[in-house]
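Accompanying notes for the structure given below.
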Amino acid sequence: MRRLREARKTASARRLVAGALLALATVWPLPSAVAQEEGKTAVLNLKDTDITALIETVSDVTGRNFIVDPRVKAKVTVISNKPMRPGELYEVFLSILQVHGFSAVPSGEVTKIVPDINAKQLGQADGQPPEQEVGDEIVTRVIRVQNVPVAQLVPILRPLVPQQGHFAAYPPTNVLIISDRAANIDRLTAIINRIDRAGDEEVEVIRLKHASASEVVRVLNSMQQGQGGQQPPGEGIQLAADERTNSILMSGDKSRRLRLRGIIAHLDTPLERGGDTQVIYLKYAKAKSLVEVLTGVSENLKKQQQGGQDGGGGGGAAAQAGEVNIQADEDTNALVITAPPKIQQELEAVIRQLDVRRAQVLIEAAIAEVSLELAANLGLQWAVDGTRNQEGGVGGTNFSNASTPLANLIGAIEQETVPQLGAGLNLAVGRLDTGTRFGVLLQALRSNSDTNVLSTPSLLTLDNEEAEIRVAQNVPFVTGSYTQSGTSAQNPFQTVERKDVGLIMKVTPQINEGNAIMLDIEQEVSNVVSAATASADNLITNKRSIKTSVLVDDGDLVILGGLIDEDVRQQEQKVPLLGDIPFLGELFRYRSSSSSKNNLMVFMRPRIIRDQETMNRYAANKYNYMRAEQLAQRQEGVALLPDETSPVLPPLDEVELPDPFPQAR
């Protein structure tokens with residue numbers, strides 16, 4: 001039933017169209033192909049008419065044969081109040097198809113009506129002359145371009161082609177392939193004809209006398225990039241340098257070539273300085289350090305030039321030859337360079353890149369040491385001598401770890417000299433005059449030693465420069481002695497070697513990419529031990545040293561090393577058997593005990609300083625810290641002296657260097 005209704009509607013619409021054409025025709029019976037050429041006209045008015053009926057009516061009026069794609073379905077409305085000839089009527093028909101998304105594609109004796117998306121695949125390639133193609137008819141045309149590369153036209157013209165059209169370039173034959181409606185192709189053809197014109201581009205060869213061709217080309221290219229990057233096709237200037245002849249090859253628009261030629265003439269002038277020698281004053285780098293680097297670079301440049309001469313026959317600045325001499329003036333931190341102009345230019349470029357402000361590294365270290373030493377000695381020595389009255393024998397005890405042997409004490413008393421007693425309690429009793437002599441010596445000693453040391457050295461140095469801080473005492477160490485004996489006067493002497501004892505830190509920082517820092521560190525902390533057994537000839541020093549390389553990020557805290565040491569010692573000397581008797585055994589025993597604990601940790605924090613503002617901030621923090629410590633010391637005061645005795649740094653904003661010649665002003 002649905003098909004029957006549609007067939008009836010189609011027939012009814014067809015009758016309406018045919019009736020409208022017959023009613024509004026002036027003298028025109030429904031024409032044949034011959035009758036259409038005789039100037040017949042018609043007015044077409046349609047409202048919501050099926051497009052199939054319109055196709056059949058146009059076929060009857062114009063005499064054309066149509067093949068309709070099954071997907072061609074639509075309702076059309078046409079309002080016209082002006083009579084149209086058959087050719088005009090066909091153009092209106094094509095416009096109606098375009099509005100509804102369809103196309104009429106000629107194919108021999110028939111015309112295919114298909115959706116626009118398939119039209120570009122069915123169009124004829126130059127099937128008829130352009131003047132016979134109707135405006136909204138889908139055609140495919142090949143356009144040959146004479147002067148402009150087709151690859152440059154595609155990005156310009158592609159936005160003018162609708163999405164369902166086809167636009168492509170074929171560079172080997174320099175042609176464009178366009179599949180679209182005839183009217184749009186005619187518009188694109190007119191645009192292409194205006195673009196495709198022979199320009200006045202030619203290649204110029206400009207030979208330079210003084211300047212380097214490659215350097216001038218680099219300057220001109222950088223200038224063009226600074227003015228907006230790449231120029232539009234046809235307007236850009238292409239530059240190339242010929243090192244062998246020291247010439248510039250230039251092609252492009254004539255007016256632009258004239259402008260660049262004037263710039264080249266200004267650049268190709270003799271150097272302002274006389275001869276081949278120039279003086280370059282450095283801002284940051286050391287002249288003496290750069291001499292070795294620049295000498296190596298100049299040797300490579302000379303080899304390259306010699307290679308160019310051997311291959312090309314010489315000529316121009318690139319073929320200049322001469323000796324290169326580079327000297328450093330340390331007083332003014334300047335480089336004196338004698339070389340050909342070409343090599344001088346290359347060396348100047350290298351110097352500009354090396355003579356830059358270097359970053360600095362502030363290294364803050366913390367050395368914390370806590371130690372505790374305990375010692376205790378307790379012992380009893382006795383001696384009996386009965387040989388004087390022949391009443392008995394000799395007996396007693398003598399221990400090697402006793403600070404004062406009893407025999408030495410008895411000998412000093414008999415000789416009526418002052419006895420040398422050891423540290424601690426020394427209690428002696430006995431009888432040494434007549435009869436049986438005896439003596440008893442009791443010794444007791446207990447010692448405590450507690451140390452808490454915190455050192456926070458800081459050091460500022462340049463990147464890749466070794467720095468050292470040394471806070472130490474120069475202590476003499478006896479290495480030998482000599483005494484002359486005999487009848488003549490004695491001439492004794494000692495040989496002494498002085499060594500630094502204290503804090504010594506050497507650091508070489510290297511800033512890596514980003515904010516990482518590699519540190520080569522040598523650190524030593526030493527001190528003289530104030531032991532009872534130490535003397536001027538027998539000094540004892542404690543030494544803690546670290547030598548390492550670490551990698552740490554900017555501002556991070558890293559531990560370099562540490563030591564946690566605990567040592568407990570016990571020593572006992574006794575008389576066999578007698579020393580083992582409970583309680584009474586203490587009379588025949590000498591004991592000593594010692595305990596020591598050492599805790600040592602070394603920390604470090606590096607900070608990268610790249611500008612003066614960061615430097616000022618860290619310096620101000622250190623300055624204010626020292627001033628606060630001095631103010632606190634002044635508040636505590638100094639005994640027996642006025643408070644103003646303690647020196648205090650002035651406020652940071654009032655810091656001024658003292659005048660070395662106050663009376664001369």
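As the structure is a computational prediction, the values presented were derived from the model and not from experiment.
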For this session: Kindly check if the number of other-residue, nucleotide or ligand heavy atoms within 6.0 Å of CZ (Arg358) is above 12?
Result: yes

Exercise. Less than 4.5 Å apart, any side-chain heavy atom of Tyr623 and any of Pro650?
Worked result: yes

For this session: Would you please say whether a donor-acceptor pair under 3.5 Å links the side chains of Gln571 and Tyr590?
Result: no

Exercise. Could you go step by step and tell me if Arg470 and Glu468 meet the salt bridge (charged side-chain N to carboxylate O under 4.0 Å, His left out) rule?
Worked result: CA-CA 7 Å; Arg470 186 182 296 263; Glu468 177 182 352; 2.4 Å; yes

Problem set entry | Heavy-atom closest pair, residues Ser298 and Val324 | CB-CG1, 3.6 Å

Exercise. How about Ile280 and Glu348: do any of their side-chain heavy atoms sit closer than 4.5 Å?
Worked result: yes

Problem set entry | Closest heavy-atom pair and its distance - Gln570, Ser593 | CG-OG, 3.8 Å

Exercise. Hey, is CD on Glu466 packed in by over 12 heavy atoms from elsewhere, all under 6.0 Å?
Worked result: yes

Exercise. Any luck finding a side-chain donor-acceptor pair between Asn515 and Asp553 under 3.5 Å?
Worked result: no

Exercise. Below 4.5 Å, heavy atoms only, C-beta onward: do Ile517 and Leu551 meet side chain to side chain?
Worked result: no

For this session: Can you establish whether the number of heavy atoms outside Glu292 located under 6.0 Å from its atom CD is more than 12?
Result: no

For this session: Give a yes or no on this: more than 12 heavy atoms of other residues, nucleotides or ligands lie within 6.0 Å of atom CZ of Arg569.
Result: no

For this session: Return the minimal non-hydrogen interatomic distance between Arg610 and Gly514, and the atom names on each side.
Result: NH2-O, 3.4 Å

For this session: List the atom of Val291, the atom of Ala328, and the distance in Å for their closest heavy-atom pair.
Result: CG2-CB, 3.4 Å

Exercise. Of the non-hydrogen atoms in Asp554 and Arg607, which two are nearest, and what is the gap between them?
Worked result: OD1-CA, 3.1 Å

Exercise. Should Lys302 and Glu323 be marked as a salt bridge (charged side-chain N to carboxylate O under 4.0 Å, His left out) after you check the CA-CA gap, both sets of side-chain angles, and the distance that decides it?
Worked result: CA-CA 9 Å; Lys302 288 180 62 178; Glu323 295 298 327; 3.6 Å; yes

Seminar exercise, completed: d(Leu378 CG, Leu445 CG) to nearest 0.5 Å is 10.0 Å

Exercise. So, the side chain of Asn221 versus the backbone of Val217: is there a donor-acceptor pair under 3.5 Å, distance only?
Worked result: yes

Problem set entry | Straight-line distance of Ile609 CD1 to Leu362 CG, nearest 0.5 Å | 4.5 Å

Exercise. Is there a donor-acceptor pair closer than 3.5 Å between any side-chain N or O of Gln630 and the backbone N or O of Leu649?
Worked result: yes

Problem set entry | Atom pair CG (Leu282) and CG (Leu354), whose distance is rounded to the nearest 0.5 Å | 9.5 Å

For this session: Please report the C-alpha distance between Ile559 and Met601 in whole Å, then the side-chain angles of each, then the deciding distance to 0.1 Å, and finally whether the side chain to side chain contact (heavy atoms under 4.5 Å, CB included) criterion is met.
Result: CA-CA 8 Å; Ile559 179 169; Met601 291 293 171; 3.7 Å; yes

Exercise. Once you round to the nearest 0.5 Å, how far does CD1 of Ile504 lie from CD of Glu524?
Worked result: 4.5 Å

For this session: Determine, stepwise, if the pair Arg544 / Asn527 fulfils side chain to side chain contact (heavy atoms under 4.5 Å, CB included).
Result: CA-CA 9 Å; Arg544 286 82 70 193; Asn527 64 291; 2.9 Å; yes

Exercise. If you look at every heavy atom in Lys283 and Asp355, which pair is closest and at what distance?
Worked result: N-OD2, 2.8 Å

Exercise. So how far is it from Gln573 CD to Ser592 OG, rounded to the nearest 0.5 Å?
Worked result: 7.5 Å

Problem set entry | salt bridge (charged side-chain N to carboxylate O under 4.0 Å, His left out) assessment of Asp580 paired with Lys574 | CA-CA 8 Å; Asp580 296 331; Lys574 61 183 179 179; 2.4 Å; yes

Problem set entry | Thr508 side chain near Leu519 side chain, heavy-atom distance below 4.5 Å | no

For this session: Compare all side-chain heavy atoms of Thr541 with those of Phe477 and state whether any distance is below 4.5 angstrom.
Result: yes

Problem set entry | Chi angles and distances behind the side chain to side chain contact (heavy atoms under 4.5 Å, CB included) call for Asn616, Gln612 | CA-CA 6 Å; Asn616 293 338; Gln612 189 61 39; 3.0 Å; yes

For this session: Kindly check if the number of other-residue, nucleotide or ligand heavy atoms within 6.0 Å of CD (Glu613) is above 12?
Result: no

Exercise. Hey, does Lys506 have a side-chain heavy atom less than 4.5 Å from the side chain of Gln523?
Worked result: no

Exercise. What's the spacing between Ile343 CD1 and Thr338 OG1 if we round to 0.5 Å?
Worked result: 11.5 Å

Exercise. Do side-chain atoms of Asn333 reach the backbone of Ala287 as a donor and acceptor pair under 3.5 angstrom?
Worked result: yes

Problem set entry | No-hydrogen, no-angle side-chain donor-acceptor test under 3.5 Å, Glu465 and Gln360 | no

Exercise. Is there side-chain contact between Val361 and Leu459, with heavy atoms separated by less than 4.5 Å?
Worked result: no

Exercise. Hey, are the side chains of Met604 and Ile363 touching, using non-hydrogen atoms and a 4.5 Å cut-off?
Worked result: yes

For this session: Step by step, work out the side chain to side chain contact (heavy atoms under 4.5 Å, CB included) result for Asn624 and Leu652.
Result: CA-CA 7 Å; Asn624 293 332; Leu652 185 59; 4.3 Å; yes

